[in-house]
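I have placed the structure first, in the form of structure tokens, so that the comments after it can refer back to it.
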Number of protein chains: 2
Amino acid sequence: MSNSKLYKGSLSTIILKLLAENNKMYGYEITQKVKELTQGELTITEGALYPALHKLEADGFLEVEMQRVDNRLRKYYKLTQAGNQEKVSRIEELERFIETIQGIVNPKPSLG
Amino acid sequence: MSNSKLYKGSLSTIILKLLAENNKMYGYEITQKVKELTQGELTITEGALYPALHKLEADGFLEVEMQRVDNRLRKYYKLTQAGNQEKVSRIEELERFIETIQGIVNPKPSLG
DNA sequence: TTCTTATGCATAAAAAACTTAGGTATTATA
DNA sequence: TATAATACCTAAGTTTTTTATGCATAAGAA
């Protein structure tokens, strides 16, 4: 993706989350959805997206279904059962990460 | 650092933030402070920390002051003026990133 | 007294995750 | 008829990290 270095590491979590909410999506659709959801703040590059999808599939978290639309090929991805589990733990991890970061950036003054 | 891939990219922002709040710190102190602030959730590795400090210094964001304590050498870092500016924009970027991520992970249902 | 842990710095090789820059092909639009 | 949008892909290069070292002093345990 473009934008900042901060996004590193969160791409596959984002993919898992979107697939959990939309049942099945194809790559290009994911890039557009992310742009829409983030009002253009986050743009996933294809060079990042496709390898990430392939890795998630290789890890058994996604399954593929091809579909031809307007004579163009779409590769629809959906979560496997393992993928759904993985999504849960990745989201938890992401939320813990955000809390941890908040604890540094926005530290609560100690009560002592 | 150890932990997860999510921390990628946020290390130098964390360093800048800590230096802004503590005036001057040395490397080892930073690792301990981060452990403390995050209750052990985040552990900065030295292999990540020192190169990051050197890069921030090379970029003109940090200045160094050596000090000998108990016959051990400490390298104290403090923000330059440019470093303080950089800290402000990095923190803004980090907060925007968190909001963006929240927008994906915890999307508000549209009112339409 | 000697080994381990803690303190304090550092770098180099490898891995991981990206960006950048290409490539192919179809359809819609200017 | 050229460009943009849709739809997939990969390879080279960059950046940032982990892992694995190395050196040195001080403190504490065996």
Side-chain angles (χ1 to χ4, degrees), chain A residues 1-16 24-36 40 42-59 61-62 64-77 90 93-94 97 100-101, chain B residues 1-16 24-36 40 42-59 61-62 64-77 90 93-94 97 100-101:
Chain A
M1 19 200 163
S2 66
N3 312 83
S4 86
K5 299 152 194 170
L6 296 169
Y7 297 93
K8 285 198 190 233
S10 54
L11 174 55
S12 48
T13 303
I14 291 170
I15 292 171
L16 292 173
K24 66 176 189 177
M25 298 180 85
Y26 55 100
Y28 187 78
E29 188 184 8
I30 292 174
T31 66
Q32 301 307 303
K33 191 68 177 180
V34 169
K35 251 190 228 167
E36 179 201 321
L42 209 172
T43 303
I44 297 179
T45 62
E46 297 179 322
L49 177 68
Y50 290 112
L53 285 170
H54 300 160
K55 182 165 195 318
L56 287 170
E57 189 193 350
D59 289 343
F61 299 138
L62 304 185
V64 181
E65 181 197 319
M66 305 295 283
Q67 200 170 307
R68 184 170 291 279
V69 178
D70 287 335
N71 210 33
R72 276 204 225 86
L73 212 53
R74 288 181 185 169
K75 247 175 116 170
Y76 277 98
Y77 291 91
R90 294 279 195 102
E93 188 187 24
L94 182 52
F97 160 69
T100 298
I101 286 288
Chain B
M1 17 199 164
S2 65
N3 310 84
S4 85
K5 300 152 192 169
L6 295 169
Y7 298 93
K8 289 196 187 232
S10 55
L11 175 55
S12 49
T13 303
I14 291 170
I15 292 172
L16 293 172
K24 67 175 187 179
M25 299 181 84
Y26 55 101
Y28 186 78
E29 188 184 9
I30 292 174
T31 66
Q32 301 308 302
K33 191 69 177 180
V34 168
K35 251 190 228 166
E36 179 200 321
L42 209 171
T43 304
I44 297 179
T45 63
E46 297 178 318
L49 177 67
Y50 290 114
L53 284 170
H54 300 161
K55 182 165 195 318
L56 287 170
E57 188 194 352
D59 289 343
F61 299 138
L62 304 185
V64 181
E65 181 196 321
M66 303 295 284
Q67 201 168 308
R68 185 171 290 279
V69 177
D70 287 334
N71 209 34
R72 277 204 225 86
L73 213 52
R74 287 182 186 167
K75 245 176 117 169
Y76 277 97
Y77 290 92
R90 294 279 194 102
E93 188 188 23
L94 182 52
F97 160 69
T100 297
I101 286 289

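Throughout, protein chains are lettered first and strands after them, A, B, ... in sequence-line order, and every chain is numbered starting at 1. Please read all numbers here as calculations on a predicted model, not as lab measurements.
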Please give, in whole Å, the distance from [N] [atom2] to [X] [atom1]?
X: M66(B); N: dA10(C); atom1: CE; atom2: C1'; value: 11 Å
X: L73(B); N: dA6(C); atom1: CG; atom2: P; value: 22 Å
X: L53(A); N: dT10(D); atom1: CG; atom2: P; value: 11 Å
X: I44(B); N: dG8(C); atom1: CD1; atom2: P; value: 16 Å
X: R74(B); N: dA10(C); atom1: CZ; atom2: P; value: 14 Å
X: K55(B); N: dT14(D); atom1: NZ; atom2: C1'; value: 12 Å
X: K35(B); N: dG8(C); atom1: NZ; atom2: P; value: 13 Å
X: R68(A); N: dC8(D); atom1: CZ; atom2: P; value: 12 Å

So, OP1 or OP2 of [N]: does either fall under 4.0 Å of a side-chain N or O from [X]?
X: H54(A); N: dT10(D); value: yes
X: Y7(B); N: dT17(D); value: no
X: Y50(B); N: dT11(C); value: no

Inter-residue atom distance [X].[atom1] - [Y].[atom2], 0.5 Å rounding:
X: I101(B); Y: S10(A); atom1: CD1; atom2: OG; value: 4.0 Å
X: L16(A); Y: Y77(A); atom1: CG; atom2: OH; value: 13.0 Å
X: L6(A); Y: T100(B); atom1: CG; atom2: OG1; value: 10.0 Å
X: K33(A); Y: K35(A); atom1: NZ; atom2: NZ; value: 14.0 Å

Give G27(A) one of three labels, base, sugar-phosphate or nothing, depending on what nucleic acid heavy atoms sit under 4.0 Å from its own. sugar-phosphate

Just to be sure I understand the rule, does E29(B) reach a base, reach only the sugar-phosphate, or reach nothing, if contact means heavy atoms closer than 4.0 Å?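 E29(B): no heavy atom of the nucleic acid under 4.0 Å.
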
Kindly confirm or rule out a cation-pi arrangement of K75(B) over Y26(B), judged by NZ or CZ under 6.0 Å from the six-membered ring centre and within 45° of its axis?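 Checked: cation-pi criterion not met.
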
Any residue meeting side-chain hydrogen bond (donor to acceptor under 3.5 Å, both in side chains) with K55(A), in chain and number order, not counting sequence neighbours: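 By the side-chain hydrogen bond (donor to acceptor under 3.5 Å, both in side chains) rule, K55(A) matches D59(A).
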
Consider the side chain of [X], meaning its heavy atoms from C-beta on, and name the nucleotide among [options] that approaches it most closely.
X: K5(A); options: dC9(C), dG22(C), dT15(D); answer: dT15(D)
X: T45(B); options: dT20(C), dC8(D), dT19(D); answer: dT19(D)
X: L11(B); options: dG8(C), dA10(C), dT17(D); answer: dT17(D)
X: K8(A); options: dC9(C), dA7(D), dA17(C); answer: dA17(C)

Tabulate atom names and distances for all N/O pairs under 3.5 angstrom spanning the protein and nucleotides 27-30 of chain C.
from	atom 1	to	atom 2	distance (Å)
dT27(C)	OP1	D70(A)	O	3.0
dT27(C)	O4'	R72(A)	NH2	3.0

Quick check: on DNA chain D, is the nucleotide nearest E46(A) upstream (toward 5') of the one nearest L49(B), or the reverse? Name the residue that is more 5'. E46(A)

Show the nearest heavy-atom pair for residues I15(A) and A52(A), with the distance to one decimal. CD1-CB, 3.9 Å

Ring centre gap for Y7(A) and F97(B) strictly below 6.0 Å: yes

